[in-house]
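When a residue number appears, it is its place in the shown sequence, counting from 1. Indexing begins at 1, ligand by ligand and atom by atom, following the structure's order. Values below: every heavy atom of this structure, side chains too, minus hydrogens, waters and symmetry copies. Predicted model, so just to flag it, every value in this text is computed and none were measured.
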Amino acid sequence: MPNPLEGRTVALGVSGSIACYRAPYLASKLVQHGARVDVVMTEAAAKFVTPLAFGSITHRPVVTDIFDPQTEMGIDHVAIAERSDVVVVAPATAHAMARIAHGLADDALTTTVLATRAPVVVCPAMDGHMYDNPATQENAATLRSRGITVAGPATGRLASGMYGPGRMLEPAEIIDHVRAVLGRDGDLAGRKVVATAGGTRELIDPVRFISNRSSGKMGHAAAEAARDRGASAVLVTASTTLPDPVGVSVVRVESAIDMRDAVMRECEDAEVLVMAAAVADWRPAEPSERKLKKGSAKTSSLELARTPDVVAGVRTKGLIKVGFAAETDDVERNARAKIQQKGLHFIAANDVTAAGSGFGADSNRVVLIDREGRAERLDMLSKYEVAHRILDKVLSYWDC
Ligand SMILES: Cc1cc2nc3c(=O)[nH]c(=O)nc-3n(C[C@H](O)[C@H](O)[C@H](O)COP(=O)(O)O)c2cc1C
């Protein structure tokens, strides 16, 4: 199940914030993810952006007036609420949040939110003082207490010129929230999945380190895929460039020793460990507390000590352990050796020199090899899809 939005029906409620200018883009992204999108606008929203913009993106009627007999809602006012798999209010004004919190049903948007049995995601967008106002804070708390996901707002520059909380989340982040909500009852619901990511940094001195080329994308994708199947996903990441994924509990680490400590702790009550991090094999034996001077010598050497083998050290009973082998040659033979050494259930082996695969890429071509030596060669897939195939295989261990 690589895409939780494929074939799903999303009611997109749009209220009258200046952030409306980003709502058609959000609608477009939802459509591109395979969703059927019904847009329901407030009267104020239609002053910022036209129904035409949404209709031409979604190829579906747009509701602005609940009493319009020409529209579906004018005949059946709860039709959209009932068929939706998720209701997303983006942007959500302070006014819309207040109306939802108080159970009002005075237009098409609030009627849809009140009538739906589907999960609701509300994405606030407003001036910082409006957001900070205790009335809005209480309304947001009320929404949360009723199981509504209040996604955002982000902190940043606001339309007023002020800097603070109130910006609507980026469409990609909103979509991540929607995916997480849609996947809540997925096949990993109730399971804890720990994924690791990124290349660890081993300090030489306070300004220099040894590391590797891992971007962290594969491990981040593993955590996101687990989240989208309902798992309680934890990401232990050494990546320095990727943002925290939405709906995932993130532990930031730097060195192999930090990674070992965090993984040991998180795996105590976990059911799955996907070890996609590139943990350094060696670290400087004695890192300097001060910046080392280059001096006049023509060559220099650095004494290295072995780092702990993180995955081999985790022995939680019943934990399914999945490793990764990033190889440049003899990919499958090297990967098979690691399965035994590290006590893995299976390993995802990839040739990091292959075009489109490996470090920094968004796609990966891997071979899944298990303890029994069975090999499943996957096509070139996005890292998110690879992560789903790995989780599919994890599930097969519980089926038998
Ligand atoms: C130019 C302009 C920008 C506005 N931007 C926001 C906003 O970002 N967030 C907000 O809560 N209200 C904003 N408002 C106020 C709302 O449009 C107003 O509260 C309206 O009644 C909201 O109606 P609705 O929630 O039914 O869409 C803005 C008003 C104007 C005139």
Side-chain angles (χ1 to χ4, degrees), residues 10-27 30 37-55 57-58 61-68 71 73-74 77-78 80-81 84 86-116 120-144 146 148-171 173-174 177:
V10 180
L12 175 59
V14 182
S15 59
S17 153
I18 184 63
C20 276
Y21 79 92
R22 291 198 285 160
Y25 183 73
L26 172 62
L30 289 166
V37 182
D38 286 323
V39 175
V40 179
M41 303 175 74
T42 65
E43 204 181 327
K47 294 190 194 295
F48 289 89
V49 52
T50 65
L52 181 68
F54 289 107
I57 286 167
T58 62
V62 175
V63 182
T64 50
D65 177 4
I66 190 172
F67 297 109
D68 180 355
T71 66
M73 271 188 96
H77 66 295
V78 292
I80 292 177
S84 296
V86 59
V87 177
V88 183
V89 185
T93 59
H95 185 234
M97 287 174 68
R99 289 189 294 140
I100 295 168
H102 289 84
L104 300 191
D106 56 349
D107 66 3
L109 188 153
T110 49
T111 301
T112 301
V113 174
L114 196 63
T116 193
V120 178
V121 179
V122 165
C123 306
M126 66 199 70
D127 161 75
H129 293 140
M130 287 172 86
Y131 180 69
D132 285 339
N133 191 294
T136 306
Q137 290 299 312
E138 275 176 32
N139 290 331
T142 301
L143 300 185
R144 285 193 200 96
R146 295 189 186 139
I148 291 179
T149 300
V150 179
T155 296
R157 191 185 176 282
L158 305 171
S160 61
M162 167 185 172
Y163 182 92
R167 278 179 70 83
M168 187 173 84
L169 292 187
E170 292 301 322
E173 290 172 285
I174 295 174
H177 279 282

List the atom of T112, the atom of A11, and the distance in Å for their closest heavy-atom pair.
CG2-CB, 4.4 Å
Out of H95, M130, M126, who is nearest to atom 12 (N) of ligand 1 when you count heavy atoms only?
M130
Test your reading of the model: is there a side-chain donor-acceptor pair from T93 to the backbone of G16, 3.5 Å cut-off?
no
Here the pair of heavy atoms bringing N139 nearest to A101 is OD1-CB, 3.7 Å
Taking the side chain from R99 and the backbone from D107, do they hold a donor-acceptor pair closer than 3.5 Å?
no
Is any side-chain heavy atom of S17 closer than 4.5 Å to one of M168?
no
Can a protein heavy atom be found under 4.0 Å away from atom 31 (C) of ligand 1?
no
Distance from atom 28 (C) of ligand 1 to nearest protein heavy atom, with residue and atom
G16 O, 3.9 Å
Could you tell me the residue and atom name of the protein heavy atom closest to atom 4 (C) of ligand 1, and the distance to it rounded to 0.1 Å?
F48 CZ, 3.8 Å
Of all the heavy-atom pairs spanning A90 and V14, show the shortest one and how long it is.
O-CG2, 3.9 Å
Got a protein heavy atom sitting under 4.0 Å from atom 2 (C) of ligand 1?
yes
Closest protein heavy atom (residue, atom, distance) for atom 5 (N) of ligand 1:
I18 N, 3.3 Å
Are any of the N or O atoms of A44 closer than 3.5 Å to those of ligand 1?
no
Tell me the protein heavy atom at minimum distance from atom 11 (O) of ligand 1, and give that distance in Å.
A94 N, 2.8 Å
Does any N or O atom in T93 lie less than 3.5 angstrom from one in ligand 1, N or O only?
yes
Identify the closest protein heavy atom to atom 8 (O) of ligand 1: which residue and atom is it, and at what distance?
S17 OG, 2.8 Å
Atoms of ligand 1 close to S15 [distance to a heavy atom under 4.0 angstrom, numbered from 1]:
25 (O), 27 (O)
Heteroatom distance test (A45, ligand 1): nitrogen or oxygen, under 3.5 angstrom
no
Identify the two heavy atoms, one from T71 and one from D65, that lie closest to each other, and give their separation to 0.1 Å.
OG1-O, 4.0 Å
Please determine whether any non-hydrogen atom of K47 lies less than 4.0 Å from an atom of ligand 1.
no
Considering the heavy atoms of T42, write down every atom of ligand 1 situated less than 4.0 Å from one of them.
24 (P), 26 (O), 27 (O)
For ligand 1, is there an atom lying under 4.0 Å from some heavy atom of A19?
no
Would one find more than 12 heavy atoms of other residues, nucleotides or ligands at under 6.0 Å from atom CD of E43?
no
As an exercise, identify every atom of ligand 1 less than 4.0 angstrom from a heavy atom of R99.
24 (P), 25 (O), 26 (O)
Mode of A125 contact toward ligand 1 - side chain, backbone, both, neither (heavy atoms, under 4.0 Å)
backbone
Side chain to side chain, C123 and L169, heavy atoms closer than 4.5 Å:
no
In terms of heavy-atom contacts, P91 and A125 come closest through CB-CB, 3.6 Å
Closest non-hydrogen atom pair between Y131 and T136, with its separation
O-CB, 3.7 Å
